[in-house]
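Below you'll find the structure, written out as structure tokens, and then a few comments.
Numbers for residues simply follow the sequence, beginning at 1. All values reported here derive from a predicted model rather than from experimental measurement.
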Amino acid sequence: MIEKNGRLRLGFGSFPARGLLLATTLILSLFAPLAAQSAIQAPVTATAATPTPTPAPPVAAAMAVQLASPPSAQASPPPVATPAAVPAKPPAPAPPPTAQTLQQQLSRLQAQIAATDGDDQLIAFGVQAATLQKTADGLAANQAADLAKLNARLAPPARTTAGKRATPHQKRELEAQRSTLQAQVKQDRLVSTNAARAYAAAAEKRRATFDSNLFEQTASPLSPDFWTSLGSALQPDLDRLQNSGMQAVSTAWNAPEPQAAIGLVVAAALAAALLFPLRHLLEGLGRRRAKHRAAAQAFRRSAYALWMTVVDIALPALAATVLLLTARWAGVLSSEADSLAQAFVTAAIWGATVVALGRVLIAPGDPDRRMLPIDEDAAKRLQAFPWIVAVVTGAGLLLTHLNTIIGASIAATVAANCVITVGYVAVAGMILVALGQGRKPLDESESSTDAASSSGLTLVSLGLTIAILVALGAVLAGYTTLGERISGQVFWLGVLAAITYLLLRFIDEVCGELFSPHGWAARALFRIFNLRASVIAQLGVLLSAGLSVLLLVSVLTLALTPFGHTGQTLFAHLGGLGRPLRIGSLSISPSAIAAGLASLAVGIALVRFVQGWLNQRFLPVTDWDSGVRNSVSKGIGYIGVGLAIVWGFAIAGLGFQQIALVASALSVGIGFGLQQVVQNFVSGLILLVERPVKVGDWVNLGGQEGDIKNIRVRATEIVTADRTTLIVPNSDFITKTVQNKTLGNARGRVQILIAISRVQDADRAKALILATFADNPEVLSEPKSNVFIDSVDPGAVNFKCFAFVHNPRDVYRIRSDLFFEMIRRMLKEEIMFPGGGMPTMAIEPGQGLKDMFDRLEPKLAQAGSKAESQSPPS
């Protein structure tokens, strides 16, 4: 430290702080060339006013002259012509500038800067601010010289200008002059500081305008103009960086001791404790809790992954914040260094987030805790990329803030956009190559889950490829801001997608765990409200869906944020591309039509998503039959598509009058050729609402019998017994007679016709048939089974038997099973069937046959005796 007496003091106690400060200086000096060549959009940052004089930026006027010259409106007006008879008077000399006049000019300039957005005007205002600052610094320097002379005269013993000893009265006058000069010097320095702030405000508005104009074209990196402008801006950028670095080093060097050294050492020790011992302790605690928790495996895995992510993000963020707060408390940071330290904290949190998400999603070497459905080879290929992304994007963030602090030129901003875009695109390309390695063709034997995973990976690869090509093309074409935004958005959306995937998994699994039969939420709802298990499961699914929707809406807002405040900047520029086209009195807006079509597509996609969620998640946990589920799903689909169409018309600018016009035009078409289509559509709506038939019913329509598979907008699909599909118009179910065999609480009736040969076995046969019905588990006890004698024929007693089963579709199969069982039992009980069935048969004559034999017996006996008497003797 250089003391007031000019001696250099170096103490051992101050060596740690001095070493740290010198290291900081070295780092800043190493950053200087890189920051100047790849300077990212940043204005000159105005520093706070200090009692010491603030020197004018040595490159302010040079930069302003380099960018543009003041507009012609700023030139001095031409002299006014005077009559010939009156001789022209020489112009009066301009009064010397004072702090008051400079402050008045500066106030007007600040108001103009605040009300102006034009780049040329801002350049001119920057020139004026630099001129005012230079003038104020000149006044302050002159007055400071006068003040130094006056201080020398007032030095004891006080003397006058003639060198004589000053009288007390003269000494009082000299002291009054010194007070006046000191006040003037302070005013001049305040004007200089305010002028520097005005220059910084103009530069900030220029940078903000350039950053917000995504589609502004500049010189391409392949053109000489790009490198010429960058070379001319190199030295001013280096000067600003050197000034900021010297101020940071000076502030750190003059920090109070031993406060600075002790604070930094304690903060470093605390940060190391947070990053290593405490982090490992918390991770082990989460691992043990997940291992011994009596819950589903999926819930334990997602809960542990979320815990690990929070720990790996929170502790590095806390460590970086501790270092920043300690450095502020120790007073080792200048205003520029403090801004850079804040950027370091932001970069540390961002990098920790990327690494933490990669650790739980990829989890190389630990497939049981891996959240992504990838194999071990893919995990090993991707394990290094979270660190690469964290380092590259964190470095880009630090360079962005560093150049924001020092105030970079527009040429350097364009160059920085090119450098950042190329770096980001290189990392994205490496990730794309790693995703493509090891991919195999999907066989037909693969499951639907593997097919969905492969399709998702294909979409990710396609989107990443398009982003890379568009970003590189934008940079080469001169749209550097657009290229930088797109390349940065790739990683931002990737982090948001990873966080969303992790939170959606956790929400779904925690709701499933809480509302499962053994979950505490399910038990509490059952004890308090006596709800059924199916109702509790539905509540869990609805809660999971609500939380997921809130999460997705929040993520969508964050996804649009990098393009401007909730995406307004991007949408404003996209909206400017499609101005309305007028054809007579008709106004056609391409942007409105595109927005309407996009809204319609988004609405239909949302409807399909809701239908899929209903069919896969909500409806299966209800007690409704398949017909009710289909009606609910179809009804929501029709309502959603209708709302999406109305929404699309509204976005496209079609009001009710235009819609009525379109409807009247459609009515003509309906009258000529769309009657059947509309009739079938309305019939389909009636089928869904009235539900005379529904999906899953067994119907008979005009002799065609089968199960209803699907009810569509125009027709209904019926699957027959031979597995063919009938396409029946919906109007046939309304206008024709339909037999619905499963309407309501329908049951199948089994009808069996069986005959026995002997009437003596009728009672035994009835008991045996009823026992066969009772022993079959698929035959219902209610309604009761019945056995009736249908008729008695010669040699046969015919029975007609009835039994009931749950489903009419099972009648044929159960009827066959009952026949087999009856035959087996009757043969065992020796109950004969007509026509045989046993090796020996006994035929019992009827009463008519007996009477006939009784009448014929005397005649046969008489005929026999007569024949015997007429026979010759032997």
Exercise for the section: Walk me through it: do V389 and V495 pass the test side-chain contact (heavy atoms from CB on, under 4.5 Å)? Expected result: CA-CA 10 Å; V389 172; V495 170; over 6 Å; no
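- Between V738 and D732, the shortest heavy-atom contact is CG2-O, 4.3 Å.
- Taken to the nearest 0.5 Å, the CG atom of N807 stands 8.5 Å off from the CH2 atom of W698.
- Annotation: side chain of T716 is not in contact with side chain of V693 (no heavy-atom distance under 4.5 Å).
- By the 4.5 Å heavy-atom criterion applied to side chains, V541 and W613 are counted as neighbours.
- With a 4.5 Å cut-off on side-chain heavy atoms, H806 and L780 count as touching.
- More than 12 non-hydrogen atoms from other residues, nucleotides or ligands lie less than 6.0 angstrom from CZ of F802.
- Listed by chain and residue number, E782 satisfy the side chain to side chain contact (heavy atoms under 4.5 Å, CB included) test with K784 (two or more places apart in sequence, or in another chain).
- Under a cut-off of 6.0 angstrom, the local environment of CZ in F819 is crowded, with over 12 non-hydrogen atoms contributed by other residues, nucleotides or ligands.
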Practice task
Take I374 and L361 through the test side-chain contact (heavy atoms from CB on, under 4.5 Å) and record every step on the way to the result.
Solution key: CA-CA 9 Å; I374 57 177; L361 293 176; over 6 Å; no
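- Under the 4.5 Å side-chain criterion, counting only non-hydrogen atoms from C-beta, S534 is not in contact with T622.
- Looking at every heavy atom in both residues, L357 comes nearest to A498 through CD1-CB, 3.9 Å.
- There is a side-chain donor-acceptor pair under 3.5 Å between T724 and T720.
- Listed for the S816 side chain is no donor-acceptor partner under 3.5 Å among the backbone atoms of R813.
- Checked by atom type and distance alone, the side chain of R523 pairs as donor or acceptor with a backbone atom of H518 at under 3.5 Å.
- Residues E509 and S302 come closest through the heavy atom pair OE1-OG, 2.5 Å.
- Residues V610 and L614 meet the side-chain proximity criterion, which asks for heavy atoms closer than 4.5 Å.
- With hydrogens and angles ignored, the 3.5 Å screen pairs no side-chain donor or acceptor of N740 with any backbone N or O of V699.
- Inter-residue side-chain proximity for Q704 and I718 is flagged as unmet; no heavy-atom pair is nearer than 4.5 Å.
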Problem - Derivation of the side-chain contact (heavy atoms from CB on, under 4.5 Å) call for V641 and R608 - result: CA-CA 9 Å; V641 171; R608 294 292 180 260; 4.1 Å; yes
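- With rounding to the nearest 0.5 Å, the separation of CD in E821 from CG in D775 is 7.5 Å.
- Considering all non-hydrogen atoms of both residues, L687 and F733 come closest at CD2-CB, 3.9 Å.
- At least one donor-acceptor pair under 3.5 Å links the side chain of W307 to the backbone N or O of L282.
- Every residue was checked against the salt bridge (Lys or Arg N to Asp or Glu O under 4.0 Å) condition with R714, not counting sequence neighbours, and none meets it.
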Problem - Step-by-step side-chain contact (heavy atoms from CB on, under 4.5 Å) determination, K634 to V695 - result: CA-CA 11 Å; K634 293 291 185 181; V695 173; over 6 Å; no
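- Around the OH atom of Y812, the shell of radius 6.0 Å holds no more than 12 heavy atoms that belong to other residues, nucleotides or ligands.
- N730 places no side-chain N or O within donor-acceptor distance of the main-chain N or O of I711, the cut-off being under 3.5 Å.
- Counting heavy atoms from C-beta outward, L504 and L552 have side chains that approach closer than 4.5 Å.
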Exercise for the section: Take E376 and R370 through the salt bridge (Lys or Arg N to Asp or Glu O under 4.0 Å) test and state the conclusion after the steps. Expected result: CA-CA 10 Å; E376 183 64 25; R370 184 179 303 140; 2.4 Å; yes
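- Atom CG of residue L543 and atom CG of residue L514 lie 8.5 Å apart, to the nearest 0.5 angstrom.
- The main-chain N or O of F804 is never found under 3.5 Å from a side-chain atom of R749 such that the two would form a donor-acceptor pair.
- Considering only heavy atoms from C-beta on, V750 stays 4.5 Å or farther from V779 through its side chain.
- One distance of note links CD of E778 with CD1 of I814; it measures 4.0 Å at 0.5 Å rounding.
- In this structure, I752 CD1 and I769 CD1 are separated by 7.5 Å, a value rounded to the nearest 0.5 Å.
- The minimum heavy-atom distance linking V787 with C801 is given by the pair CG1-SG, 3.9 Å.
- Scanning for ring-ring contact (aromatic ring centres under 6.0 Å, His included) contacts around F491 gives Y424, with sequence neighbours left out.
- Under the side-chain contact (heavy atoms from CB on, under 4.5 Å) rule, S548 has a single partner from V553, I507, D508, which is I507.
- When atom types are taken as modelled, the side chain of R815 and the backbone of Q751 share a donor-acceptor pair closer than 3.5 angstrom.
- Without hydrogens or angle criteria, S544 side chain to G540 main chain gives no donor-acceptor distance under 3.5 Å.
- Y501 places a side-chain N or O within 3.5 Å of a backbone atom of M371 that can act as its donor or acceptor partner.
- Side chains of Y304 and R300: no donor on one and acceptor on the other come within 3.5 Å.
- Atom CG in L643 sits 15.0 Å away from atom OH in Y638 (nearest 0.5 Å).
- Closest non-hydrogen pair, S599 versus W647, comes out as O-CZ3, 3.5 Å.
- Q489 places a side-chain N or O within 3.5 Å of a backbone atom of A559 that can act as its donor or acceptor partner.
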